[in-house]
Amino acid sequence: EPEVTQTPSHQVTQMGQEVILRCVPISNHLYFYWYRQILGQKVEFLVSFYNNEISEKSEIFDDQFSVERPDGSNFTLKIRSTKLEDSAMYFCASSPAVGVYEQYFGPGTRLTVT
Amino acid sequence: GDSVTQMEGPVTLSEEAFLTINCTYTATGYPSLFWYVQYPGEGLQLLLKATKADDKGSNKGFEATYRKETTSFHLEKGSVQVSDSAVYFCALSGKENYGQNFVFGPGTRLSVLP
C-alpha cells in the first residue's frame, strides 16, 4: 500500500540553524500539507500546497518557514532560523484528487532545537 | 472559525469494555469528519471517515455516525483490546475549498488494561 515517507525521523539542531525536513508524498496525490504537534498538544496545521504554490497557511507559518517541491517526488519544509519553540513533531500529509478528502500522514520528523 | 472538541482524557478501560469517545464540531457548511489514531511513537493513521450527514464510518470494530443535528461524531467500539491503546483524534475538513486543512481536536488518550 502506498504511503507517505519522511526523513529524517529525528533531527537535532542548535537554535538559529536552518533545517530542512523532507517528505515523499504518495505518488499520484496532488495536495500536500505540513502539520506540527508540540509534545502533548494538538496537531496544528501549518501549510497546504497545490500546483506548485501555497494554497493556505496558518498564522504559525511565518517568514521563517518555507515549502518547496523541488522535483516530482519530494516536498520539503524549511525553517530558516530555528527557535526553541520550533521543537515538535512535524507531519507531512498528502491527499488525492478532487472528490476525496482524507489526508494520508507520514510517520513524522521529531525536531529538537537546543 | 472551524473547531473540534473532544472529551478530555485519559480514558482507562479494562479489556472487552465498551468505548465511547465524544467529539463535537463547529463548522460552516458541511464538513467531512474523520477519526485518526496515533499509536505510541508513530504517526497519524486514518481510522474512519464520514462525508455527509447520517453516514456511518467503520473500521477495525470502531464506528462513528455523522450527526448533523447534534454536530457530533462520537467514536464507539463494543469491546476494546489492549492493542487499542493509543491517542484518538477527531478532525474535520471543509468542503467549500477543496484541499482545505484539517482541524484537529486535542486528542483523547486511551489506555486499555488486560
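Note that these values count all heavy atoms, side chains included, but never hydrogens, waters or copies made by symmetry. Letters A, B, ... are given to chains in the order of the sequence lines, protein chains preceding strands, and every chain is numbered from 1.
A 6.0 Å sphere centred on CZ of A:R22 holds no more than 12 heavy atoms belonging to other residues, nucleotides or ligands. Atom CD of B:E16 has 12 or fewer heavy atoms from other residues, nucleotides or ligands within 6.0 Å. Heavy-atom contacts from other residues, nucleotides or ligands closer than 6.0 Å to NZ of A:K42 number more than 12. Around the CD atom of B:E69, the shell of radius 6.0 Å holds more than 12 heavy atoms that belong to other residues, nucleotides or ligands. In the displayed structure, A:D63 atom CG is contacted under 6.0 Å by at most 12 heavy atoms of other residues, nucleotides or ligands.
Using a 4.5 Å cut-off between heavy atoms, B:Q45 does not touch chain A at all. With a 4.5 angstrom heavy-atom cutoff, A:E44 does not touch chain B via any of its atoms.
The two residues A:F91 and B:L44 make their nearest non-hydrogen contact at CE2-N, 4.3 Å.
In this structure, the side chain of A:Y33 does not engage the main chain of B:F102 through any donor-acceptor pair within 3.5 Å.
Each of B:F89, B:F34, B:F104 has some count of heavy-atom pairs under 4.5 Å with chain A, and the biggest count is that of B:F104. When the candidates A:Q37, A:Q41, A:M89 are compared by the number of heavy-atom contacts under 4.5 Å with chain B, A:Q37 comes out ahead.
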